[in-house]
Amino acid sequence: MQKLTIQTSPIDGQKPGTSGLRKKTRVFMGPHFLENYVQSIFDGIGGVVDKRLVVGGDGRYFNAQAIQVILRMAAANGAAACIVGQNGILSTPAASHLIRLRGTDGGLILSASHNPGGIDADFGLKYNTPNGGPAPEGVTDRIYAATKIIHEYRILEGADADLGTLGKTRMDQMEVEVVDPVTDYAALMETLFDFNAIRALFASGFRMRFDAMHAVTGPYATAILEGTLGAAKGTVVNGTPSPDFGGGHPDPNPIWAKDLMDTMMGPDAPDFGAASDGDGDRNMIVGRGIYVTPSDSLALLAARATAAPAYRGGLKGVARSMPTSGAVDRVAEKLGIACYETPTGWKFFGNLLDAGRATLCGEESAGTGSDHVREKDGLWAVLLWLNILAQTKTSVADLMAAHWAEFGRNYYSRHDYEDVETDKANALITALRAALPGLPRQAFGPLTVSSADEFAYDDPVDGSRSEGQGIRVNFTSGGRVVFRLSGTGTVGATLRVYLEDVETDPARMHRDAQEALAPIIAAADAIAGIRKYTGRTAPDVIS
Ligand code: VG1
Ligand code: CO
């Protein structure tokens, strides 16, 4: 096999976003695009000579071809070994675990997560560091810098590796080890939770529906829920990963997981429903007749985590992304533990987890996780819920009602305006930023602004500073609105508007969220001129 050095030149737009680089699949398939980015990752991390890497992805269109390119480039760049999920499959949390378990020099995860898959949809690639977590900004900055000066890449000429057969083979000097994607992850879950209690729950007739949304979690959920825990056959639906996720949007929210929502709100609803996203790191939790917002789920899991053996000793602290509701803050206060507020994106939790300052982390976008890996973990969240349900022997609805009665309720909703012209979205943010100093004390309907700023984060562990992480406007009532632009989209801009209000009056805790948030929704438009700038009269997705 011959090592080739191919001349190339920088390609615009290879700047990693919230979670790696995401582009239209056809862009990734374009001449040198993938190769330039992979070489830039290698260059940005100081080369891969004698290093070991984990490689795997969510199985979307182009996953299989891209993995072969990555392996041939790793070999040509002198890597010692690549550990690859069978058929190129690894969920994001399973990849994070494998990096940690095997002590590798990091890994490459092929996924555009909740974005749709297919030749006309999206593809993505990200590098995770040796702690198993997404590369922090310092590393992604170096990768991006490398994309701007790249002039050649190295690749091996030759046959593809056989990724269908478990075991070790060689690609030139590099070892390729194909592993079962589920085994190690499933073993880790068994160390965290009371599997006997969950088994007894299912044996008692408890019914569940897990919608894998034709994405990567299918094999994991089937093995663990139906295999090990004894949930009825058919508990996992849409459990076979498909390259275009069955033509759907593998984003577990009430809009894209509508089938599950309909089932759970229907007359013969099972006791518990859940869904996960393209790469298996997100989760949606639904009880019979009740949808649990991700922010509420984080708060409830924090309040009751000690149900699971792994957290029996208590939590060291919790962390949430800035736009996530403050529900978990009040749990932390009551538990007497620290609560950190970070920018959007799991990469900001890594230092807190590594330093032992936080045990549980979460984001409003349906991501929850703990210090067992360095990614959010969809199935983990589902298993912790099951462990709590097995311990308390009560319903999701009753658990949430008790939680709100104890801590108050944060009404919460996110409104997304998708595919807005980039110039217009930027103009909205620029105008909003300029208006910030004048906002305090201004009234919008019944609301008065108490403070307004642009969020910046000083990492308490390594002292790094991240600016421009979302604009937040707080009201004297305790409510707030946050505005930011998405960093995971591939066309135009997506404006995310995060709306929140706190309710402590038990008589008013069971209203519809959109209704409860109506004054804040109106204020958000008045403050940011959403209609004026975007031309839209309503959001595309309400979650
Ligand atoms: C979104 C979410 C963010 C999440 C990120 C990656 O980012 O808001 O909370 O960490 O996706 O999730 P953005 O920049 O589009 O708002 V995943 O599961 O798509 O890797
Ligand atoms: Co994801």
Side-chain angles (χ1 to χ4, degrees), residues 1-57 62-82 84 88 95 99 104-112 122-130 133-158 160-161 171-174 345 347 422 487-491:
M1 278 185 267
Q2 213 191 331
K3 272 184 203 143
L4 306 176
T5 300
I6 309 284
Q7 302 305 308
T8 187
S9 50
I11 300 175
D12 274 352
Q14 295 201 327
K15 187 175 170 45
T18 311
S19 181
L21 182 68
R22 293 187 195 181
K23 292 285 171 193
K24 286 284 163 206
T25 309
R26 285 185 197 273
V27 172
F28 254 106
M29 294 170 76
H32 304 312
F33 192 94
L34 172 66
E35 292 85 348
N36 268 22
Y37 192 62
V38 172
Q39 187 66 51
S40 299
I41 291 175
F42 292 167
D43 294 348
I45 62 170
V48 292
V49 173
D50 292 336
K51 289 185 179 172
R52 293 157 63 243
L53 297 169
V54 166
V55 187
F62 193 50
N63 192 79
Q65 296 99 300
I67 283 205
Q68 297 291 349
V69 171
I70 291 169
L71 293 179
R72 287 194 279 124
M73 289 186 66
N77 277 276
C82 281
V84 192
I99 292 169
T104 71
D105 300 281
L108 293 172
I109 301 177
L110 299 83
S111 171
D122 296 346
F123 191 78
L125 178 61
K126 71 172 171 175
Y127 169 69
N128 279 31
T129 49
E137 281 188 335
V139 176
T140 55
D141 286 349
R142 283 198 291 280
I143 293 171
Y144 180 49
T147 70
K148 294 199 281 193
I149 55 167
I150 188 167
H151 57 278
E152 59 183 35
Y153 62 82
R154 283 173 288 285
I155 189 163
L156 213 64
E157 204 181 31
D160 283 353
M171 193 178 240
D172 196 37
Q173 299 299 306
M174 185 180 82
K347 58 183 176 237
T422 308
T488 58
T490 56
V491 278

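It should be emphasised that the depicted structure is a prediction, and the values quoted were computed from it without experimental measurement. Starting from 1, each residue takes its place in the sequence as its number. Values reported hereafter were calculated over all heavy atoms of this structure, with side chains retained and with hydrogens, waters and symmetry mates removed.
No donor-acceptor pair under 3.5 Å is formed between the side chain of Q39 and the backbone N or O of E152. Within the 3.5 Å criterion, the main-chain N or O of A75 finds no donor-acceptor partner in the side chain of Q173. Without hydrogens or angle criteria, K126 side chain to G107 main chain gives no donor-acceptor distance under 3.5 Å. K23 contributes a side-chain N or O that, together with a main-chain N or O of G13, makes up a donor-acceptor pair within less than 3.5 Å. In this structure, R72 contributes its side chain and L156 its backbone to a donor-acceptor pair below 3.5 Å. Remark: side-chain polar atoms of D105 are not paired, donor with acceptor, to backbone N or O of P130 under 3.5 angstrom.
Heavy-atom minimum distance, P16 versus Y37: CG-OH, 3.3 Å. Minimum interatomic distance between G44 and A146 (heavy atoms only, all atoms of both residues): N-CB, 4.4 Å. Minimum heavy-atom separation, K347 to T18: NZ-O, 3.2 Å.
With L21 as the partner, the side chain to side chain contact (heavy atoms under 4.5 Å, CB included) test is satisfied by one option alone out of Y144, F28, F123: F28.
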Exercise. Begin from the C-alpha positions of I155 and V69 and carry the test side chain to side chain contact (heavy atoms under 4.5 Å, CB included) through to its verdict.
Key: CA-CA 8 Å; I155 189 163; V69 171; 4.2 Å; yes
Quiz item: Can you list the steps and then say if K24 with D122 is a salt bridge (Lys or Arg N to Asp or Glu O under 4.0 Å)?
Solution: CA-CA 4 Å; K24 286 284 163 206; D122 296 346; 3.1 Å; yes
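For the 3.5 Å distance criterion, the side chains of Q65 and D160 fail to qualify, holding no donor opposite an acceptor.
With values rounded to the nearest 0.5 angstrom, I41 atom CD1 is found 4.5 Å from L125 atom CG.
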